[in-house]
Protein chains: 2
Amino acid sequence: MAILLLILKWLEWKYVIISNRLEIYIGAIALIFTLLGIWLAKKLTKPKTLVIEKEVVKEVEVLKEIDVVREIEVIKEVYINENASTEINKAEIEKLGLSNREMEVLQLMSTGLSNQEIADKLFLSLPTIKTHTGNIFIKLDVKRRTQAVEKAKRLNIIT
Amino acid sequence: MAILLLILKWLEWKYVIISNRLEIYIGAIALIFTLLGIWLAKKLTKPKTLVIEKEVVKEVEVLKEIDVVREIEVIKEVYINENASTEINKAEIEKLGLSNREMEVLQLMSTGLSNQEIADKLFLSLPTIKTHTGNIFIKLDVKRRTQAVEKAKRLNIIT
DNA sequence: TGCAAAATCAGACTAAAGTATGAAGGTTTA
DNA sequence: TAAACCTTCATACTTTAGTCTGATTTTGCA
């Protein structure tokens with residue numbers, strides 16, 4: 001802003017010198033403030049994305065040997081912040097119930113380290129890492145480390 | 001643009017009348033073009049692409065000795081910005097000397113499938129997949145599948 | 001047509017991953 | 001304080017991954 005005011009003052013002075021070139025002066029101001037507008041728009045707008053969520057819930061409840069089937073369809077239209085997708089989803093971590101240590105192991109796992117290498121890095125024993133990885137798989141509902149990493153990245157709980 | 005030129009002409013005329021209020025004139029132009037810039041920035045932002053994601057979740061909950069089975073199908077229609085970095089780097093594939101089959105295996109590997117599952121999917125034997133994965137590791141200069149997937153994604157040779 | 005690379009498969013082996021169970025010490029919280 | 005959870009470690013086991021050697025068949029290309 002200060003710089004822009006200085007430029008304006010300079011242009012004003014120039015105007016006094018070449019008083020017959022008003023158009024140039026106006027043009028310069030127009031250009032500067034157009035660029036300022038573009039810059040402002042890029043800086044200040046939080047890019048939002050429309051997400052349409054359709055959720056079909058089927059419930060099968062067995063009551064006294066009789067199947068009770070329930071179908072619920074929920075449609076949601078939500079505007080979400082696009083920037084959020086690049087941030088780590090702490091709510092998701094909370095929801096999955098992953099502990100700090102587990103997140104640490106998961107993060108190292110995603111870099112392609114073996115259990116032994118993770119153990120060395122964290123100064124822990126191999127069985128400990130195996131316990132952690134096992135718990136991670138249960139919480140992420142996967143069977144292998146490759147699936148765990150894939151899902152974790154998809155859910156934005158690791159970088 | 002034509003409208004804006006008209007506004008400028010009008011402002012120019014106004015300047016002749018109230019020549020001693022240059023600041024107001026400049027301010028008006030600044031404001032108009034700032035808004036123009038914001039409008040331009042919003043109009044010229046990257047085109048967005050529609051992506052449809054489907055996810056099927058099965059839940060089995062035991063409530064009061066009754067099994068409650070829930071099938072949840074989540075369909076997400078997400079508008080995302082097209083990004084050049086999401087393009088597959090074919091030059092890198094060529095450089096690494098990865099064959100078509102190897103790329104196919106690598107792609108499936110990245111989804112978290114086991115060798116056996118990849119074999120089933122491609123109608124090949126387990127030893128064949130092991131041969132391919134081994135060759136992939138050599139060409140990517142890695143030791144494990146997790147590292148292979150990590151590197152492949154980093155090099156943009158798989159999605 | 002013949003050669004090189006790609007693709008396929010096999011057997012046997014080692015290494016690593018993953019499962020299951022148990023246990024002990026520490027922290028947090030109702 | 002007790003319950004719940006986190007963290008750590010151990011042992012024993014099964015499964016999967018990865019390595020090595022060797023072989024046959026297909027295929028693209030000079």
Side-chain angles (χ1 to χ4, degrees), chain A residues 88-153 157-158, chain B residues 60-63 88-153 157-158:
Chain A
I88 288 178
N89 195 338
K90 289 185 180 177
E92 192 67 43
I93 296 169
E94 185 75 15
K95 188 177 151 196
L96 293 167
L98 287 158
S99 70
N100 290 342
R101 228 6 170 191
E102 283 159 0
M103 284 306 301
E104 212 169 348
V105 172
L106 184 56
Q107 183 67 60
L108 290 172
M109 202 161 67
S110 74
T111 67
L113 295 184
S114 68
N115 287 333
Q116 186 60 64
E117 286 166 343
I118 296 170
D120 293 343
K121 210 152 214 170
L122 298 178
F123 302 104
L124 297 174
S125 73
L126 180 58
T128 303
I129 302 301
K130 286 192 176 188
T131 304
H132 286 317
T133 54
N135 291 331
I136 290 167
F137 299 157
I138 291 167
K139 290 177 181 179
L140 282 177
D141 189 31
V142 295
K143 291 197 178 299
R144 282 176 288 278
R145 55 174 54 229
T146 45
Q147 288 180 342
V149 171
E150 191 275 329
K151 189 160 187 176
K153 285 192 174 173
I157 63 176
I158 55 168
Chain B
V60 180
E61 200 175 335
V62 183
L63 282 171
I88 289 174
N89 194 341
K90 290 184 180 179
E92 193 66 43
I93 297 170
E94 184 76 16
K95 188 176 151 194
L96 294 167
L98 287 158
S99 71
N100 291 341
R101 231 0 172 193
E102 283 160 1
M103 283 307 299
E104 214 168 346
V105 172
L106 184 56
Q107 183 67 61
L108 290 173
M109 202 159 71
S110 74
T111 68
L113 296 183
S114 68
N115 287 335
Q116 187 60 64
E117 287 166 341
I118 296 170
D120 293 343
K121 210 152 215 169
L122 298 178
F123 302 104
L124 297 173
S125 74
L126 180 58
T128 304
I129 302 302
K130 286 191 175 187
T131 305
H132 286 317
T133 53
N135 290 330
I136 290 166
F137 300 156
I138 292 167
K139 289 177 181 178
L140 282 176
D141 190 30
V142 296
K143 291 196 180 299
R144 281 175 290 278
R145 55 174 55 228
T146 44
Q147 288 180 343
V149 171
E150 191 275 328
K151 190 161 186 176
K153 284 193 174 172
I157 63 176
I158 55 169

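Letters A, B, ... are given to chains in the order of the sequence lines, protein chains preceding strands, and every chain is numbered from 1. Given the structure is predicted, the values throughout are model-derived calculations rather than measurements.
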Requested in this report: Pick base, sugar-phosphate or nothing for Thr133(B), based on heavy-atom distances below 4.0 Å to the nucleic acid.
Outcome: nothing
* Looking for any heavy atom pair under 4.0 Å, which part of the strands does Leu126(A) touch: base, sugar-phosphate only, or nothing? -> nothing
When rounded to whole Å, the CD1 to P distance for the pair Ile129(A) and dA15(C) reads 21 Å
Winner on side-chain proximity to Lys130(A), out of dC6(D), dT8(C), dA17(C), is dA17(C)
Of dA17(D), dT8(C), dT8(D), the nucleotide closest to the side chain of Thr128(A) is dT8(D)
Rounded to whole Å, the CZ-C1' distance (Phe137(B) to dA16(C)) equals 12 Å
Taking the basic N atoms (NZ, or NE/NH1/NH2) and the acidic carboxylate oxygens, is any pair closer than 4.0 Å for Lys143(B) and Glu117(A)? no
Do the side-chain N and O atoms of Asn100(B) and Glu104(B) include a donor-acceptor pair separated by under 3.5 angstrom? no
- request: Under 4.0 Å between any heavy atoms, over every strand shown, what does Ser99(B) touch: base, sugar-phosphate, or nothing? Just pick one.
  value: sugar-phosphate
To the nearest angstrom, the CD-P distance between Glu104(A) and dT7(D) comes to 9 Å
Margin query: Please tell me if Asn115(B) has a side-chain N or O lying less than 4.0 Å from either OP1 or OP2 of dT16(D).
Written below: no
Rounded to whole Å, CG of Asn100(A) lies from C1' of dG26(C) at a distance of 15 Å
Between CD1 of Ile138(B) and C1' of dC20(D) the distance, given in whole Å, is 10 Å
- Is any side-chain nitrogen or oxygen of His132(B) closer than 4.0 Å to OP1 or OP2 of dT8(C)? yes
Result for 5'-nearest mapping on DNA chain C, choosing between Leu122(B) and Arg145(A), is Leu122(B)
When rounded to whole Å, the CD to P distance for the pair Gln147(B) and dA17(C) reads 10 Å
- Report yes or no: does Glu102(B) contribute a side-chain atom to a donor-acceptor pair with the main-chain N or O of Ser99(B) at less than 3.5 Å? yes
Is the shortest side-chain N to carboxylate O distance from Glu92(A) to Lys151(A) below 4.0 Å? no
- request: Please determine if a side-chain N or O atom of Arg144(A) lies less than 4.0 Å away from the OP1 or OP2 oxygen of dA17(C).
  value: no
note: Leu124(A), atom CG; dC6(D), atom P; distance rounded to Å ~ 16 Å
In whole angstroms, the gap separating P of dA16(C) from CE of Met109(A) amounts to 17 Å
Discussion item. Does a side-chain N or O of Ser125(B) approach OP1 or OP2 of dC9(C) to a distance below 4.0 Å, or not?
Written reply: yes
Distance only, no hydrogens: is a donor on one side chain within 3.5 Å (strictly under) of an acceptor on the other, for Thr128(B) and Ser125(B)?
yes
